[in-house]
Amino acid sequence: MGFYKWLYPGLRIKRWVFLLAVGIVLVSMGFVVTMIESQETVGSFFVVGGILAVIISVRKILKSVIMLLAPNQEGQLINIMYHRVVLASGTRVVAIGGGTGLSALLHGLKERTSNITAIVTVADDGGSSGRLRNQYGVLPPGDIRNCLVALADSETLMQELFQFRFKEGVSESDKESANDLAGHSFGNLFILAMTKITGDFEKAVRESSRILNIRGRVVPSTLSAVTLVAHHADGRVTDGETNISACKSPIEKIFLKPEAVQAADDAIQAIRTADVIVLGPGSLYTSVLPNLLIENLLAEIIASRAPKVYVCNIMTQPNETSHLNSDFRHVEALIKNTQPEVLTHVIVNNGRVPQTLTERYTHEGAFPLMRESEKIRELGYKVVEADLIRGVDVVRHNSRRLAKIITEIAQKKNI
């Protein structure tokens with residue numbers, strides 16, 4: 001019965017199937033006429049007409065199917081085919097980090113490959129994520145939500161829905177419930193609800209990925225609840241990502257509490273099959289390093305024969321990396337808290353930050369990093385310099401240019 005359903009009225013398939021059959025018959029007749037009766041002109045006419053009929057009918061059949069399954073994407077047939085076929089065979093990239101830096105990188109990577117695994121920190125304890133973590137005992141969903149949206153191939157409305165953030169209500173009748181929701185994003189609440197329904201945070205993230213139709217996948221670095229701990233230069237010990245970012249004393253060393261946590265299985269498997277492993281960009285101590293403090297995940301990265309690329313930040317971060325004023329010092333801090341074998345390549349910015357943005361960031365306590373590429377090379381790492389600045393209101397990495405460099409490193413194109 002399944003075959004006969006294709007002949008039901010209203011599917012707009014039958015006419016094109018009939019045209020396809022006619023085209024095949026015409027092509028066959030053309031070859032027969034040419035060979036048997038030596039009528040090359042007539043035979044060629046049949047063959048050309050039949051080929052055109054086949055091309056038109058196949059295109060119309062595909063368009064009808066697309067219109068039925070995805071009515072808003074009927075004009076995107078070639079893009080859909082490209083994403084499903086070409087990108088599916090692209091470079092296997094593992095991107096490790098969190099925050100806005102990682103999500104910005106993913107925007108560029110998804111245009112070059114859909115074989116992306118974003119391994120995201122779960123040490124966040126601030127804002128909406130921190131409140132949900134404390135109140136419901138779930139892993140913080142904020143960074144994971146941002147990465148899901150960055151990889152989304154769904155409609156813009158769905159992406160905006162996941163990023164929608166509730167504000168305080170104005171009516172007295174809604175005041176209590178509004179205060180409960182104020183500051184929360186819909187995506188965080190959605191992942192929380194999915195976690196409660198499925199009883200599994202990993203499964204909740206997978207289901208959210210399916211709904212957003214993402215290119216690639218997003219996995220937490222660990223399924224254990226962890227707290228970030230920093231030892232500062234003045235002897236202070238600070239617990240929690242939010243407190244660490246607010247402390248003005250330079251960070252000497254950073255740890256996870258508890259220390260003996262295991263990486264998520266999906267994260268380990270992704271690293272083992274990666275063509276390239278990318279660390280950052282993002283907050284060095286609170287986005288990148290928390291993932292690398294998981295011992296078996298770090299061990300897998302070190303054991304991997306894939307290029308291991310650190311994307312250095314463009315600016316210092318107030319308090320957290322104010323004392324790390326160059327790209328070399330960022331690399332030095334990274335390997336100090338892990339191992340030298342965690343890297344093979346470093347990507348640094350050699351572009352100039354616009355003066356207007358420099359002045360604004362200076363007032364906030366952030367400065368462009370000095371470039372010390374030779375010192376990085378002396379440590380044994382390959383350095384790729386490029387103008388990576390994209391920004392009008394804020395300084396961000398140019399995600400497309402960055403993605404191009406990363407895929408070229410993976411393919412060993414003179415880098």
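We number each residue from 1, following the sequence as shown.
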Asks: Checking side-chain polar atoms at under 3.5 Å, does R92 have a donor or acceptor matched by the opposite partner on T273?
Replies: no

Asks: May I ask you to test the L102-P281 pair for a side-chain heavy-atom distance under 4.5 Å?
Replies: no

Asks: Is a side-chain donor or acceptor of S103 paired with a backbone partner of T100 at a separation under 3.5 angstrom?
Replies: yes

Asks: Determine, step by step, whether N243 and T238 satisfy the side-chain hydrogen bond (donor to acceptor under 3.5 Å, both in side chains) criterion, reporting the C-alpha distance in whole Å, the side-chain angles of both residues, the deciding distance to 0.1 Å, and the verdict.
Replies: CA-CA 6 Å; N243 294 328; T238 309; over 6 Å; no

Asks: State whether the number of non-hydrogen atoms from other residues, nucleotides or ligands found under 6.0 Å of E295 atom CD is greater than 12.
Replies: no

Asks: Can you check whether L284's main-chain N or O pairs, donor with acceptor, with S287's side chain at less than 3.5 Å?
Replies: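 No, S287 side chain to L284 backbone: no donor-acceptor pair under 3.5 Å.
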
Asks: If I take atom CD1 from residue I271 and atom CD1 from residue I119, how far apart are they, to the nearest 0.5 angstrom?
Replies: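 Here the interatomic distance stands at 4.0 Å.
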
Asks: Should the pair K203-E207 be classified as a salt bridge under the 4.0 Å nitrogen-to-oxygen rule?
Replies: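 Here K203 does not pair with E207 in a salt bridge, since their nearest N and O are not under 4.0 Å apart.
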
Asks: Ring centres under 6.0 Å, that's the criterion: do F164 and F166 meet it?
Replies: yes

Asks: Do T195 and V205 come close enough that some side-chain heavy atom pair is under 4.5 Å?
Replies: no

Asks: If you measure from the Lys or Arg side-chain nitrogens to the Asp or Glu carboxylate oxygens, is any gap between E252 and K336 under 4.0 Å?
Replies: yes

Asks: Considering residues at least two apart in sequence or located in another chain, which fulfil the side-chain hydrogen bond (donor to acceptor under 3.5 Å, both in side chains) criterion with R377?
Replies: E374

Asks: Walk me through it: do S283 and Q317 pass the test side-chain hydrogen bond (donor to acceptor under 3.5 Å, both in side chains)?
Replies: CA-CA 7 Å; S283 302; Q317 188 171 347; 2.7 Å; yes

Asks: Say you draw a straight line from CD1 of I214 to OG of S209; how long is it, rounded to the nearest 0.5 Å?
Replies: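 These two atoms lie 3.5 Å from each other.
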
Asks: Can you find a heavy atom in the side chain of V346 that is under 4.5 Å from one in the side chain of L343?
Replies: yes

Asks: In this structure, is the centre-to-centre distance between the rings of F162 and F190 below 6.0 Å?
Replies: yes

Asks: Quick check on K248: does its NZ atom have over 12 non-hydrogen neighbours (other residues, nucleotides or ligands) under 6.0 Å away?
Replies: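 12 or below, so no.
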
Asks: A side-chain contact here means heavy atoms from C-beta on lying under 4.5 Å apart; do V309 and V384 qualify?
Replies: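 They are not in side-chain contact.
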
Asks: Can you check whether P141's main-chain N or O pairs, donor with acceptor, with D124's side chain at less than 3.5 Å?
Replies: no

Asks: Give, for atom CG of N325 and atom CZ of R329, the distance between the pair rounded to the nearest 0.5 Å.
Replies: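 Rounded to the nearest 0.5 Å, the CG-CZ separation comes out at 5.5 Å.
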
Asks: Which side-chain N or O atoms in residues 388-400 pair as donor and acceptor under 3.5 Å with protein atoms at least two apart or in another chain?
Replies:
residue	atom	partner	partner atom	Å
H397	NE2	C312	O	3.1
N398	OD1	R400	N	3.3
N398	OD1	R401	N	3.1

Asks: By the side chain to side chain donor-acceptor pair (under 3.5 Å) test, which pairs, at least two apart or in different chains, include something from residues 302-316?
Replies: none

Asks: Does a donor on one side chain and an acceptor on the other come within less than 3.5 Å for H184 and R165?
Replies: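 The answer is no; no qualifying pair exists.
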
Asks: Evaluate side-chain hydrogen bond (donor to acceptor under 3.5 Å, both in side chains) for T91 paired with D275, printing each intermediate quantity in order.
Replies: CA-CA 6 Å; T91 304; D275 293 323; 5.2 Å; no

Asks: Quick check against the 3.5 Å criterion: does R133 have a side-chain atom that pairs as donor or acceptor with the backbone of L139?
Replies: no

Asks: So, do H232 and C247 sit near enough that their side-chain heavy atoms are less than 4.5 Å apart?
Replies: yes

Asks: Name all residues meeting the side-chain hydrogen bond (donor to acceptor under 3.5 Å, both in side chains) criterion together with E378; count only those two or more places apart in sequence or in a different chain, and write none if there are none.
Replies: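 None.
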
Asks: Knowing that exactly one of N349, T358, L357, V353 qualifies, which makes a side-chain contact (heavy atoms from CB on, under 4.5 Å) with M315?
Replies: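 It is V353, the one option of N349, T358, L357, V353 that forms the side-chain contact (heavy atoms from CB on, under 4.5 Å) with M315.
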
Asks: Measuring from I302:CD1 to T338:OG1, what's the distance to the nearest 0.5 Å?
Replies: 7.0 Å

Asks: Indicate every side-chain donor-acceptor pair of residues 255-264 with a distance under 3.5 Å to a residue at least two apart or in another chain.
Replies:
residue	atom	partner	partner atom	Å
K257	NZ	D239	OD2	2.7
Q262	OE1	N296	ND2	3.1

Asks: Quick one: are V120 and V219 in side-chain contact, heavy atoms under 4.5 Å?
Replies: no

Asks: Do V229 and I254 touch side chain to side chain, with heavy atoms closer than 4.5 Å?
Replies: no

Asks: Between atom CG of N291 and atom CG of L298, what is the distance when rounded to the nearest 0.5 Å?
Replies: 11.0 Å

Asks: Could you go through R215 and E111, starting from their C-alpha distance and side-chain angles, then the distance that decides it, and tell me whether this counts as salt bridge (charged side-chain N to carboxylate O under 4.0 Å, His left out)?
Replies: CA-CA 9 Å; R215 298 183 205 169; E111 299 301 325; 3.8 Å; yes

Asks: With side-chain hydrogen bond (donor to acceptor under 3.5 Å, both in side chains) as the test, would you mind laying out the steps for N146 and Q163 before giving the verdict?
Replies: CA-CA 8 Å; N146 286 331; Q163 294 291 56; 3.2 Å; yes

Asks: Got a donor-acceptor contact below 3.5 angstrom from the D327 side chain to the E372 backbone?
Replies: yes

Asks: Please identify each residue that fulfils side-chain hydrogen bond (donor to acceptor under 3.5 Å, both in side chains) with R206, with sequence neighbours left out.
Replies: D266

Asks: Within the structure provided, determine whether V122 and P220 are in side-chain contact (heavy-atom separation under 4.5 Å).
Replies: yes

Asks: To the nearest 0.5 Å, what is the distance between CG (L292) and CD1 (I335)?
Replies: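 Going from the CG atom of L292 to the CD1 atom of I335 covers 12.5 Å.
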
Asks: Under a 3.5 Å distance rule, please check whether S57 uses its side chain to pair with a backbone N or O of V54 as donor and acceptor.
Replies: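 Such a contact is found between S57 side chain and V54 backbone.
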
Asks: Does Y285 offer a backbone N or O that forms a donor-acceptor pair with the side chain of E320 under 3.5 Å?
Replies: yes

